[in-house]
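Okay, so here's the structure we're looking at.
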2 protein chains.
Amino acid sequence: MDTRHMHYFMALAETLHFGRAAKLLHMTQPPFSRQIALIEQKLGVKLFERNSRHVTLTPAGKHFLDDCRTVIAQFDAACRDVRLVASGMKGELRFGFMMHAAHSVVPRLVQRYSEIRPDVRLVLEERTPTEIDDMLMVGKLDAAVTFAPGYSPHLRTIHLAKEKLRMIMRADHACANKRMIGPDDLCHERLIATPTSVAPTLRSAIASYFAAGGISPNFVLEPRLQHTIIKLVAEGLGVALIPESLCSMLDESLVSKPLRTAPTLDVVLCAPITSANPAVSALMDIAAQSSC
Amino acid sequence: MDTRHMHYFMALAETLHFGRAAKLLHMTQPPFSRQIALIEQKLGVKLFERNSRHVTLTPAGKHFLDDCRTVIAQFDAACRDVRLVASGMKGELRFGFMMHAAHSVVPRLVQRYSEIRPDVRLVLEERTPTEIDDMLMVGKLDAAVTFAPGYSPHLRTIHLAKEKLRMIMRADHACANKRMIGPDDLCHERLIATPTSVAPTLRSAIASYFAAGGISPNFVLEPRLQHTIIKLVAEGLGVALIPESLCSMLDESLVSKPLRTAPTLDVVLCAPITSANPAVSALMDIAAQSSC
DNA sequence: CCATCTGATACCTTCAGAGTATTGGTTAAG
DNA sequence: CTTAACCAATACTCTGAAGGTATCAGATGG
């Protein structure tokens, strides 16, 4: 049995006339009759009652007709969908992003993408920049928003936004009244920052800032999450430099101040150049348009 | 495209090795490779990334694999089910019964049938005996429980039970204290009975009873439903002869009395001899066993 | 550089399935 | 009752899709 046989059966079940059914299938009646007989023989079931004048469905044939219709519909859908998946109109996109981007560029990007690709299931994964790099490399992610990595020839990157760093401190901190902060203001501060193992680009931007000011920074705590950094600053355990987009969500006990010659990080969308997932390209296109 | 092609695709998708996949399908590698290439060509989609050393699924291929599995499963189920329907193990049975049988033989019969044929959907239709005859004739019913009809060569009938008629009257009726009723007790009674057009067998049994006693009965009301007959007797509009199985559901305001030489009706299960529905035979078998 | 593994190609072969001609059974009109 | 028309089944032929064999060509590891 095969789907072709189902089409033969359905044609006869719907016309109840061998000649017309054969014509529908662009063939002649004798081979068509043979095929119907073969189908009944292979299934071991009589599907039609017939004499040389009338053709009717048996109860088994009626039931089979219903089943054939659903099977054929699903079969056709599968053949149609595989084309849609190949064209990127349907499928799955595993999309990574770092927490720093969750409140700025990611919602816009996800929103616009799911508008033009409603049949692509977005699997969102919030991870650290280092995890994102690894997952992109081994193919566990199709695309991700992260800080611009260093040299990475296997990735295509599109610039999305620039993020200046700002200093955050408790409202009762000595510097809380200053208009602007410089490296020298920070030389005796207890600093909180993510470790290189979590966000190398961010960490090295902070380190460079102090190096440029001739300061050797005093990192006292190195939590993995930005969230935790803000909590620890609020507890009075130190101060931190964080991306400006995160400053809007601080409560009143904390203040953020701009930095003189503030270090700037590039937030980029990146995907493996060799990505086999056709759903990626539309995402890159959106990002490319937005960045213009 | 055809289900065979799906099987080819699935074999390769699951082994990721042309030679082994071909062996699974009991064929050699070269024609198998050709078939895979043809599938990709017909779909217009690359399903596998491959070189002479490694075979992997593309995202479109992964998606197609899922779809193929469900399509093939449904396809196989359809071919399996059509056999079940043909054998009577699955399908639909349109089962008619008259109200007189609803409280006696029908529940038992339906119960036992659905135990041994759980996959046959029973469509129950309560109708009058005349409607049942018509529906059996035109094929709107597969089987029915009714009073034994007269000569009906197109029906196979199996005896299920005998029903004696009893007389019902209000508790304040003059005959309410008698132990047994004869035709002569009824000669001046206002009688209520279903018309011949609704239940010919029942009506003629009643008529014969009076004829045998030399009485010409006085039918004053002829409602279609037994239910209505009982209601009307309770209202004091007359008396009636009804099957004994209905007497158990009378309330206290009514009494039923046995009849001398009570007329007896045969309750039978009947189905068209030429019934094409294979689900019928098991029902007939059950009925045949019970009647022994 | 060679042995080996593996998918692709070239060429041959076979049988499933389509076509043509015809038969046989059923129905309806004359 | 006969006949014409219709329709499914059968007999036979033929074509091409699909499988087999032999071989090639690219990749990998020693």
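Here is the naming used below: chain letters follow the sequence lines, and residue numbers restart at 1 for every chain. Any value given below was found using the heavy atoms of this structure, including those in side chains, with hydrogens, waters and symmetry copies removed.
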Practice task
Would you indicate, yes or no, if dA17(D) has its OP1 or OP2 atom less than 4.0 angstrom from a side-chain nitrogen or oxygen of Q35(B)?
Solution key: no

Exercise for the section: Please report the shortest heavy-atom distance between Y113(A) and A282(A), naming the atom on each side. Expected result: CE1-CB, 3.8 Å

Problem - Whole angstrom value for the distance that separates C1' of dA8(C) from CZ of F18(B) - result: 9 Å

Practice task
Examine the base of dG17(C) for any acceptor or donor lying under 3.5 Å from a partner atom in the side chain of R34(A), and report the outcome as yes or no.
Solution key: no

Problem - E222(A) bridged to R203(A) by N-O distance under 4.0 Å - result: yes

Practice task
Taking only the side-chain nitrogens and oxygens of T28(A), find out if one of them lies under 4.0 Å from OP1 or OP2 of dG19(C).
Solution key: yes

Handout entry: Nearest to side-chain heavy atoms of R50(A), which nucleotide of dA9(D), dG17(C), dG19(D)
Key = dA9(D)

Problem - Value in whole Å for how far the C1' atom of dT13(C) lies from CE of M27(B) - result: 15 Å

Fill in the blank from the handout: Rounded to whole Å, CG of L16(A) lies from C1' of dA8(D) at a distance of 14 Å

Practice task
Would you mind telling me which of dA18(D), dG7(C), dG19(C) lies closest to the side-chain atoms of V55(B)?
Solution key: dG7(C)

Handout entry: Short side-chain N/O contact from S33(A) to OP1 or OP2 of dA9(D), under 4.0 Å
Key = yes

Exercise for the section: Let me have a per-nucleotide readout for nucleotides 22-30 of chain D, 5' to 3', with B, S or -, counting only protein heavy atoms under 4.0 Å. Expected result: B---BBS--

Exercise for the section: May I ask you to verify if any side-chain N or O of R20(A) is less than 4.0 angstrom from the OP1 or OP2 atom of dA8(D)? Expected result: no

Exercise for the section: Would you mind reading off the distance between M1(B) atom CE and dA17(D) atom P, rounded to a whole angstrom? Expected result: 17 Å

Exercise for the section: Going by the side chain to side chain contact (heavy atoms under 4.5 Å, CB included) test, name the single residue among R117(A), E115(A), R112(A) that passes it with I286(A). Expected result: R112(A)

Practice task
Go through the steps to decide whether T58(B) and F48(B) satisfy the test side chain to side chain contact (heavy atoms under 4.5 Å, CB included), and finish with yes or no.
Solution key: CA-CA 5 Å; T58(B) 62; F48(B) 296 97; 5.7 Å; no

Problem - S33(B) and Q29(B): side chain donor to acceptor below 3.5 Å - result: yes

Exercise for the section: Please state how far atom CG in L38(A) lies from atom C1' in dC15(C), giving the value in whole angstrom units. Expected result: 13 Å

Practice task
Report the distance from atom NE2 of H17(A) to atom C1' of dA9(D), rounded to the nearest whole Å.
Solution key: 14 Å

Exercise for the section: Decide, yes or no, whether a salt bridge links E40(B) with K46(B) under the criterion of side-chain N to carboxylate O below 4.0 Å. Expected result: no

Exercise for the section: Give a yes/no answer on whether the side chain of R4(A) brings an N or O atom under 4.0 Å of OP1 or OP2 in dG17(C). Expected result: yes

Handout entry: Sugar-phosphate only, base, or nothing, as touched by F48(A) at under 4.0 Å among non-hydrogen atoms
Key = nothing

Practice task
Write down the distance between OH (Y8(B)) and P (dA18(D)), rounded to a whole number of angstrom.
Solution key: 8 Å

Problem - For atom NZ of K23(A) and atom C1' of dC7(D), their distance in whole Å - result: 14 Å

Exercise for the section: Decide, yes or no, whether a salt bridge links E14(A) with R69(A) under the criterion of side-chain N to carboxylate O below 4.0 Å. Expected result: yes

